[in-house]
K.L.:
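Got a structure for you, questions after.
Since this is a predicted model, take the numbers as computed values, not measurements. Both ligands and their constituent atoms are indexed starting at 1 by order of listing.
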Amino acid sequence: MILTADYHTHTPFSHGKNTVLENAEKAKEQGLQQIAITDHGYTHVVFGLRRRKIKEYRAQCEEATRKTGVKVLVGIEANVLGVEGHSDLKETDFEDFDVYLCGTHLCVWYKPFISQFFSFFARNYSTEKLHLKHSDKLIQNNTLAYCNTIKNNPIDALTHVNYLCKCNSLEVAKVASDYGTYIELNSKKTHFTDEELMDMALKTSVRFLINSDAHSASRVGEIERVKEQLGRINFPLDRIDNIDGRLPNFRFKEFKQRL
Ligand SMILES: [Zn+2]
Ligand SMILES: [Zn+2]
């Protein structure tokens, strides 16, 4: 399995360590055709990308493309804001980005804030920190959060599904397949059991991406953890659209062309 493109990397525009150019140079070294710089969404209280920086963000991606020959896409890893399915990327922001990822994170402005802070964030956080069993109600709620987010927003890929938000991944994968949203296989940390992965692949038509979620240039294109899991369970690799020369069809780009 050879990675064609890595669509999830961070830089100091949120809390990555290396510059856009350094990530792109590493991508070139790894033989990748494309990468996306996907810093954190605007409502991330500490690490969020700032709108006043967006011109510089795009300019650095263009410069890195010119200098390395690797296509550097301008991306964002937006935030799932709760069960109603709001994301923190607004339609007025769409022209600024090529790639739209979305995932669950700590320290964001959930929406509506008070209700989702308690019923979404606090319940998930305390359950995980105290190593409690997730109640059926919580899993149902989390599944709804992911499904509604996919339905309400033209998201290219859901990042690290199950992180801070344990869900029924099979149900999420069905909706993702219907809407053309990819499920990310995140190589920083595995969040799917072997059984969940095979269920999604065999019982739905959802498609997958493998991403590094690199927070330093040294990890760009690094997918060993995912490779090991997929190899062990004999996962059907033809369902992954950023390996072995394949490039994905992104829903966000098509959505913007129709606007
Ligand atoms: Zn993330
Ligand atoms: Zn990330």
K.L.:
So does H160 have any N/O/S atom less than 2.8 Å away from the Zn ion (ligand 1)?
P.N.:
yes

K.L.:
Which class fits the ring pair H105 and H160: parallel under 30°, tilted 30 to 60°, perpendicular over 60°?
P.N.:
perpendicular

K.L.:
Between D156 (side chain only) and R251 (backbone N and O only), is there a donor and an acceptor less than 3.5 Å apart?
P.N.:
yes

K.L.:
Less than 6.0 angstrom from the centroid, inside 45 degrees of the normal: does R51 satisfy that with respect to the ring of Y42?
P.N.:
yes

K.L.:
Nearest N/O/S atom of E77 with respect to the Zn ion (ligand 2), by atom name, please.
P.N.:
OE1

K.L.:
Is H40 close enough that one of its N/O/S atoms sits under 2.8 Å from the Zn ion (ligand 1)?
P.N.:
no

K.L.:
Do the side chain of R239 and the main chain of V206 share a donor and acceptor less than 3.5 angstrom apart?
P.N.:
yes

K.L.:
Could you identify the N, O or S atom of D213 positioned closest to the Zn ion (ligand 2)?
P.N.:
OD1

K.L.:
Any N/O/S atom, side chain or main chain, of H215 closer to the Zn ion (ligand 2) than 2.8 Å?
P.N.:
no

K.L.:
Can you tell me which residue among R219, H15, E77 is in a side-chain hydrogen bond (donor to acceptor under 3.5 Å, both in side chains) with H10?
P.N.:
E77

